[in-house]
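I have placed the structure first, in the form of structure tokens, so that the comments after it can refer back to it.
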Number of protein chains: 2
Amino acid sequence: MARAGLTAERLIHAGAELADEVGFAQVTVSALARRFDVQVASLYSHVKSSAELKTGIALFALAELADRVTEALAGRAGKDALFAFANAYRDYAREHPGRFAAAKHPLDAETAAASAGPRHAQLTRALLRAYDLDEPDQTHAVRLLGGVFQGFVTLELAGGFAHSSPDAQQSWDWSIGALDALLRNHAKTDGE
Amino acid sequence: MARAGLTAERLIHAGAELADEVGFAQVTVSALARRFDVQVASLYSHVKSSAELKTGIALFALAELADRVTEALAGRAGKDALFAFANAYRDYAREHPGRFAAAKHPLDAETAAASAGPRHAQLTRALLRAYDLDEPDQTHAVRLLGGVFQGFVTLELAGGFAHSSPDAQQSWDWSIGALDALLRNHAKTDGE
DNA sequence: ATATCTACCTAAAGACATTAGGCAAATAAG
DNA sequence: CTTATTTGCCTAATGTCTTTAGGTAGATAT
């Protein structure tokens, strides 16, 4: 029999595609084996376990998303950069809902530290440079923005804003615009 | 043999407790049967399926959370109400991480409409009354707040802010305070 | 006390995860 | 080019979870 040519990378990538098609929760070793037309046990030469496979997909998605954001941020600053970051994030989630779900997959501390997670934080700090925030405000802002992006997009993808007007796009633009104003108001030593 | 006295309600409640102990994803019909010391198949007289059980826990958690928020909001308005709402939400998630995860469980449109989800939106609108926003700004604000609460708390619970200073509490207070300012700036016909 | 109902049971089948051990295809050594 | 070695994929088997079908005994009504 001809070999299928499996590798951990191909499995993770196919797992990401499968996640976008059927949902991250439905990504199983068995489904992946069917997709490659091999026996289930064969995958275990390349991934240690189902958990490791899902972690691999999570790391892949986090890195891909960070790449997108990096590209979106290039040559921009201030409000322009904020919108570019936010839209890159949201667009990725809408194009790749399964990978986005994977990116939210919990990682143990060690894995998280080696993931693209810290890169996301760095990208946010780069974006915030134009807003000229003191510490610890900058860290607060990193967390607020992370929360808004992830939370809003998650709710939108879950259908939370469907069947009601105005459409989600408008609320998104309004929210990011409001955050821009919020950040400008907090520049440097500015209280309350 | 003495009967265990199972009912759908007891199963859902026990499922919520189990979720807090071992994680919502680990709540299974089997684990619940072990907890009640009955055979697995016995549960199927009370719940149609594993999916229905999880949906039941999700609805329970959403309602419980809405109750908490309702209580927190009583007699408060403006910034005070905003902090009360936000803290009730976050405290619930920290006290009941499994139920909080359950509350994020995707529901089909019909179930979602009959859930406490719309009540959450109404509570947010009640909170926003003091900020005197025009439509569609009020809807935008409902969505922004929903996103921030859910996103920030999810990231915090996932350990995203661990091992770094300042602690999450400070970022939370800063963020909610900043949102209060944001909302005040957008009162009525206020552009930019 | 008998009849009905139903809560919980046993039994069985199907899906997924995982491990152990085997064969054949790719690769390296002669 | 042949032989030796590695290793990619296979078969087989076990355990867990979900779900359905049909039975029994304990609760409830007559």
Side-chain angles (χ1 to χ4, degrees), chain A residues 1-61 98-99 101-102 104-108 111, chain B residues 1-60 98-99 101-102 105-108 111:
Chain A
M1 297 158 198
R3 297 193 176 181
L6 305 179
T7 67
E9 282 70 35
R10 286 192 66 196
L11 289 174
I12 287 170
H13 193 262
E17 285 176 353
L18 185 59
D20 286 334
E21 292 165 21
V22 302
F24 183 59
Q26 278 65 52
V27 173
T28 80
V29 177
S30 298
L32 217 43
R34 277 192 292 275
R35 172 163 289 224
F36 280 99
D37 240 303
V38 297
Q39 294 300 311
V40 182
S42 304
L43 300 208
Y44 284 83
S45 308
H46 304 281
V47 297
K48 224 190 307 296
S49 66
S50 177
E52 199 207 59
L53 170 67
K54 289 189 169 175
T55 297
I57 298 172
L59 294 174
F60 172 75
R99 299 179 195 199
K104 293 187 286 185
H105 187 64
L107 303 172
D108 60 87
T111 308
Chain B
M1 297 154 198
R3 295 195 177 182
L6 304 180
T7 66
E9 283 67 36
R10 286 192 67 197
L11 289 174
I12 287 169
H13 194 263
E17 285 177 352
L18 185 58
D20 287 334
E21 292 167 20
V22 303
F24 183 60
Q26 276 66 53
V27 173
T28 80
V29 177
S30 298
L32 217 43
R34 278 192 293 274
R35 171 162 292 222
F36 281 98
D37 238 304
V38 297
Q39 293 301 309
V40 182
S42 305
L43 301 208
Y44 283 84
S45 309
H46 306 281
V47 296
K48 221 189 313 292
S49 66
S50 177
E52 200 206 58
L53 171 67
K54 288 190 172 178
T55 296
I57 298 172
L59 294 174
F60 171 77
R99 299 179 195 201
H105 187 65
L107 303 173
D108 60 87
T111 308

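To find a chain, count down the sequence lines: A is the first, B the second, and so on, and within it residues start at 1.
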Please classify the nucleic acid contact of [X] as base, sugar-phosphate, or nothing, using heavy-atom distances under 4.0 Å.
X	value
A:L6	sugar-phosphate
B:S50	sugar-phosphate
B:A31	nothing

In whole angstroms, how far is the [atom2] atom of [N] from the [atom1] atom of [X]?
X	N	atom1	atom2	answer
A:L11	C:dA17	CG	C1'	15 Å
A:Q26	C:dA15	CD	P	16 Å
A:L53	C:dC16	CG	P	14 Å
A:L43	D:dT7	CG	C1'	16 Å
A:K48	C:dT18	NZ	P	12 Å
A:R10	D:dC9	CZ	P	9 Å
B:E52	D:dC17	CD	P	20 Å

Of the nucleotides [options], which has the atom closest to the [X] side chain?
X	options	value
B:S30	D:dC17, D:dT20, C:dC8	D:dC17
A:H46	D:dT19, D:dG8, C:dA17	D:dG8
B:R3	C:dA17, D:dG26, C:dC9	D:dG26
A:Q39	C:dC8, D:dC10, C:dT10	D:dC10
B:Y44	C:dC8, D:dT20, D:dC10	D:dT20

With side-chain contact (heavy atoms from CB on, under 4.5 Å) as the criterion, how do B:L32 and B:T28 come out once you've worked through the C-alpha distance, each side chain's angles and the decisive distance to 0.1 Å? CA-CA 6 Å; B:L32 217 43; B:T28 80; over 6 Å; no
So, does [X] get its side chain near the phosphate of [N], meaning an N or O under 4.0 Å from OP1 or OP2?
X	N	result
B:S42	C:dC9	yes
A:S49	C:dA17	no
A:S45	D:dT7	no
B:R34	D:dC17	yes

Test side-chain contact (heavy atoms from CB on, under 4.5 Å) on A:I57 and A:R99 and set out the steps. CA-CA 7 Å; A:I57 298 172; A:R99 299 179 195 199; 5.7 Å; no
Working for side-chain contact (heavy atoms from CB on, under 4.5 Å), residues A:E21 and A:Q26: CA-CA 9 Å; A:E21 292 165 21; A:Q26 278 65 52; over 6 Å; no
Please report the C-alpha distance between B:L59 and B:L107 in whole Å, then the side-chain angles of each, then the deciding distance to 0.1 Å, and finally whether the side-chain contact (heavy atoms from CB on, under 4.5 Å) criterion is met. CA-CA 9 Å; B:L59 294 174; B:L107 303 173; 4.0 Å; yes
Any side-chain heavy-atom pair of A:F36 and A:L11 under 4.5 Å: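 A:F36 reaches A:L11 side chain to side chain.
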